[in-house]
Chemist: 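Dumping the structure here so I can ask a few things about it.
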2 protein chains.
Amino acid sequence: MLPVTNLALNIPETQKPRVVIIGGGFGGINLAKKLRGKNFQVVMFDKQNYHGFWPLLYQVATAGLEPDAIAEPLRKLFGGDTYKDFYFRLVKVTSVNPETKTVTTLIGDISYDYLVIATGTKTNYFGNEQVKKFSFPLKKIPDALNLRSQMLQCFEQASMTPDPEMQQSLMNFVVVGGGPTGVELAGALAEMKRHVLPADYPGVDISKMNIYLVEGMNRLLPPMSEKSSEKTYKYLKELGVNIILGTLVESYDGEWAVLKNDKRIHTNTLIWAAGVAGALVDGLPPETIERGRILVNEFNQVLGYPDIFAIGDIAMMKTEEWPKGHPGVAQPAIQQGSLLGKNLVRLQENKPLEKFKYTDKGSLAIIGRNRAVADLPGKMHFGGFIAWAIWLFVHVMALVGFRNKLVVLSNWVYKFFTYENGTRLIIRPFVRKGDKIKQRFFDRFDAE
Amino acid sequence: MLPVTNLALNIPETQKPRVVIIGGGFGGINLAKKLRGKNFQVVMFDKQNYHGFWPLLYQVATAGLEPDAIAEPLRKLFGGDTYKDFYFRLVKVTSVNPETKTVTTLIGDISYDYLVIATGTKTNYFGNEQVKKFSFPLKKIPDALNLRSQMLQCFEQASMTPDPEMQQSLMNFVVVGGGPTGVELAGALAEMKRHVLPADYPGVDISKMNIYLVEGMNRLLPPMSEKSSEKTYKYLKELGVNIILGTLVESYDGEWAVLKNDKRIHTNTLIWAAGVAGALVDGLPPETIERGRILVNEFNQVLGYPDIFAIGDIAMMKTEEWPKGHPGVAQPAIQQGSLLGKNLVRLQENKPLEKFKYTDKGSLAIIGRNRAVADLPGKMHFGGFIAWAIWLFVHVMALVGFRNKLVVLSNWVYKFFTYENGTRLIIRPFVRKGDKIKQRFFDRFDAE
């Protein structure tokens, strides 16, 4: 590796205890907010300069929203005079070193008094390198923009091919994974098939477009209630999605998706939303890791390291109620981040730490226009328009910045009344490695 | 070249005369609108699937707007039932063939009855390959997003370097070209220096940021009135921009910009807004080309080819009033496109063609908050807040879709009251080839 020259973390030494937070997701930002004005120096590392509201990422992929609607710059969140002694650094952390109480980054080490690992998850291909090479993940903003370009490029090419077999493969979309991302993406694609694509591509018979949703378990949205799973199934069927349950995708070579049940689907686009794995950072001993997550006690302390904490998706806190850890959604991260903020203050004041108690606020998923499912606390289940309205309200309220709320709300109102996805732009044509159909075509657009 | 397999233009044969339009810019879309419901088959080719409102591109670069605010999908503009017999194809045109009355694209030929070349311009590096390699153009949406990432990455790195010389080069921005793009970009950077960057980068002394604006002529905005040039100079000075007139940039190796007056500026970012050249398409004989533009008569007919037209920036129509052709702004393209639409209908009706007469609606440029210049017809000149209000009104009104108007207006109102640029997102870290500072750092973010 070439050395990184002339760069250093440049964080002043201080008398205050230093809290190093790795990750600016839901856990990290809620922790940092609680530390505002307290007697800490706070250092946050992230590889992105923004906090993303990932539950809406699929809308970026399906041309409903632009990235700024779901992302807020971290420096804007923690900028100005309100956050003194707060240091954000856009840098990759390469390891943590519990023995020396330091964190190593690409450009140098820093010591910590308290270390918080809030790195979240990354796409899990379960070791299938072929799927990793040819499929589309949907985990980050560039993923969503690539998928958007891919989808629109597929229809552009579908309008230009005399080969019916190739046209079909361009109009077949296979979504792998029946969790919230897969369900919401499949629903959004189905809505586009109904309301947007026929007008945009008058020369193409859009009724031939197929959306497949493949899930290994025997129901959709496995973490939600049976009732919601059934409703989700019904709604997606109504929208024309082909649902394949109890089956895994065995291979995908960029042209054919082969399922475990031997079904083969000819498709140019396979979206991999089948699983996530903890975005682990090197340096913790193996006994602190279980199934890709870091074992923590009820104070989010990493087992054996009272000054290292893990929060959110990367943390595995086994409790009686949640023997396999909390669900990988925003709420545990938000609540653990907030509580840890309070607990760090208590530590300084020599007060006993407060145990984490997860407040389940329910789960929501949107399937389409007027179609959503909601499991609320107290075993209340909603479907249809009511769930859809709840979903809308909750997501707009949860968006971080005032401006994002406005942008998203006005986009949705516009979309609701016009049936229009606003941003069907191929901003940067995307050619996946090995995609011969697109490679020989789009690659030549900018030849000069 | 590998062949493009299984693709074809797929445009039905027809009894109607076929109009082939190359380019979906201001000229192309205004022409197509006039042909709606007329007795033509209309075919439009573009390498982008959207129409861009380029006067606002610099706002995408300076994190003020997202791409969807300045771009409208061409299929949305011409979709649905209102445009029958309209065919958009996302494909690159490689040549026109006047002898056979055909156009050649990457995936096949098509015959035309009338051909309209509306390809606009591309960045002109005046043959300086080194500048082309290391500088940032600002002509397309990906250019603007790359420049936005570059600028934000520079400040992130400036906050992490102990080397004052390197820090200065990261905070020096050289804008080459004192036309509207250069002036508006320099103004927007200066506003960011004042209102946004100090809060975002508390560890960096933002007063050290330098914005240089280099123009070869002896005044800024050469096509505008002397009065407006003077005001622009004054406004930019007030905002702290270093204006260097009467000087060209001789070389830029990615580190040092060397001016003709021997001044050297250490900079990681040189923005090339110094000129454009016609985006010519192969196949027309050299006698039809003058200084990179296609010579046309007052009906926009290419000299010697009554069935080939060129409109907008690519056309050079020499008139008594405009002996060097019309200015390279939106209005001539819009007006020529509209008139040509009417004239094609007149041709069919065997009526005489109408001559083009340019209606100068004035010129506008914005320098910053409350600072703009306007030359209106009748030699009226405005500056300051009035010009700024005119600029805002004109640009919002000119934006193509209703939704874009809303998005842009709400963004501006938000920005005006909060002094905030909303979208300071490094969506896709950009590492220019040969940029050692960024290469060794950002390239490693996605190593795994």
Side-chain angles (χ1 to χ4, degrees), chain A residues 1-10 47-50 66-68 71 73 75-76 79-81 87 89-92 106-107 141-142 145 152-153 156-157 159-163 166 199-203 403 406-407 410 414 420 422-428 436-437 440-441 444-447, chain B residues 1-10 47-50 66-68 71 73 75-76 79-81 87 89-92 106-107 141-142 145 152-153 156-157 159-163 166 199-203 403 406-407 410 414 420 422-428 436-437 440-441 444-447:
Chain A
M1 285 225 297
L2 281 165
V4 176
T5 47
N6 295 339
L7 289 175
L9 291 172
N10 238 8
K47 290 190 290 179
Q48 290 162 342
N49 80 327
Y50 48 83
E66 280 284 65
D68 74 333
R75 288 190 179 275
K76 186 176 161 192
D81 293 332
Y87 299 87
R89 292 293 181 262
L90 184 73
V91 69
K92 183 178 170 169
L106 274 184
I107 55 173
I141 286 178
L145 292 173
L152 295 170
Q153 284 168 279
E156 293 297 340
Q157 291 198 306
S159 75
M160 289 188 282
T161 177
D163 175 344
M166 174 165 150
D200 266 13
Y201 299 92
R403 186 177 159 284
L406 262 183
V407 170
S410 62
Y414 175 83
E420 270 285 358
T423 62
R424 302 193 293 281
L425 311 172
I426 304 171
I427 290 171
R428 211 183 286 261
K436 283 174 201 155
I437 300 174
R440 295 177 182 177
F441 185 68
R444 293 189 195 160
F445 276 32
D446 276 316
Chain B
M1 283 224 299
L2 280 166
V4 176
T5 47
N6 294 340
L7 289 177
L9 290 172
N10 238 9
K47 290 190 289 178
Q48 290 161 343
N49 80 328
Y50 48 82
E66 281 285 61
D68 75 333
R75 288 190 180 272
K76 187 175 161 193
D81 294 332
Y87 298 88
R89 290 295 179 261
L90 185 73
V91 68
K92 182 178 171 171
L106 274 185
I107 55 171
I141 286 179
L145 292 173
L152 295 169
Q153 284 168 279
E156 292 298 338
Q157 290 198 308
S159 76
M160 291 187 279
T161 178
D163 174 346
M166 174 165 150
D200 266 13
Y201 299 92
R403 187 177 158 285
L406 261 184
V407 171
S410 63
Y414 176 83
E420 269 286 358
T423 62
R424 303 192 293 282
L425 312 172
I426 304 172
I427 291 172
R428 211 183 286 261
K436 284 174 202 154
I437 298 173
R440 294 176 184 180
F441 185 67
R444 291 189 196 162
F445 275 34
D446 276 316

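Order of the sequence lines fixes the chain letters, A, B, ..., with proteins taken first and strands second; residue numbering starts at 1 for each chain.
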Chemist: Who are the ring pair (Phe, Tyr, Trp, His ring centres under 6.0 Å) partners of B/Y87, not counting sequence neighbours?
Modeler: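 Applying ring pair (Phe, Tyr, Trp, His ring centres under 6.0 Å) to B/Y87 gives none.
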Chemist: Please name all residues satisfying side-chain hydrogen bond (donor to acceptor under 3.5 Å, both in side chains) with A/Q153, sequence neighbours left out, ordered by chain then number.
Modeler: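 Testing A/Q153 for side-chain hydrogen bond (donor to acceptor under 3.5 Å, both in side chains), a comparison that skips the adjacent residues, returns none.
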Chemist: Do A/R428 and B/I141 come close enough that some side-chain heavy atom pair is under 4.5 Å?
Modeler: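 A/R428 does not reach B/I141 side chain to side chain.
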Chemist: So which of B/P162, B/G203, B/A8 has the biggest tally of heavy-atom pairs under 4.5 Å with chain A?
Modeler: B/A8
Chemist: Could you go step by step and tell me if B/L7 and A/M166 meet the side chain to side chain contact (heavy atoms under 4.5 Å, CB included) rule?
Modeler: CA-CA 9 Å; B/L7 289 177; A/M166 174 165 150; 3.5 Å; yes
Chemist: Quickly, which of A/I427, A/I426, A/D200 forms a side chain to side chain contact (heavy atoms under 4.5 Å, CB included) with B/N49? Name it, please.
Modeler: A/I426
Chemist: Counting N and O atoms only, with roles assigned by atom type, does the side chain of A/T161 sit under 3.5 Å from a partner on the main chain of B/N6, one being a donor and the other an acceptor?
Modeler: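 Checked: pair present.
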Chemist: Using a cut-off of under 4.5 Å on heavy-atom pairs, state which of B/L152, B/L145, B/D163, B/L90 scores highest against chain A.
Modeler: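 Looking at each option in turn, the highest pair count goes to B/L90.
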Chemist: Please determine, among A/R89, A/Q48, A/Q157, the option with the most heavy-atom pairs under 4.5 Å with chain B.
Modeler: A/R89
Chemist: So how far is it from A/R75 CZ to B/E156 CD, rounded to the nearest 0.5 Å?
Modeler: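 That separation rounds to 4.0 Å.
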Chemist: Is any side-chain heavy atom of A/L425 less than 4.5 Å from a side-chain heavy atom of B/P73?
Modeler: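 When only atoms from C-beta onward are counted, B/P73 and A/L425 do touch, with a gap below 4.5 Å.
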Chemist: Evaluate the criterion side chain to side chain contact (heavy atoms under 4.5 Å, CB included) for residue pair A/D68 and B/R424; output intermediate values, then yes/no.
Modeler: CA-CA 8 Å; A/D68 74 333; B/R424 303 192 293 282; over 6 Å; no
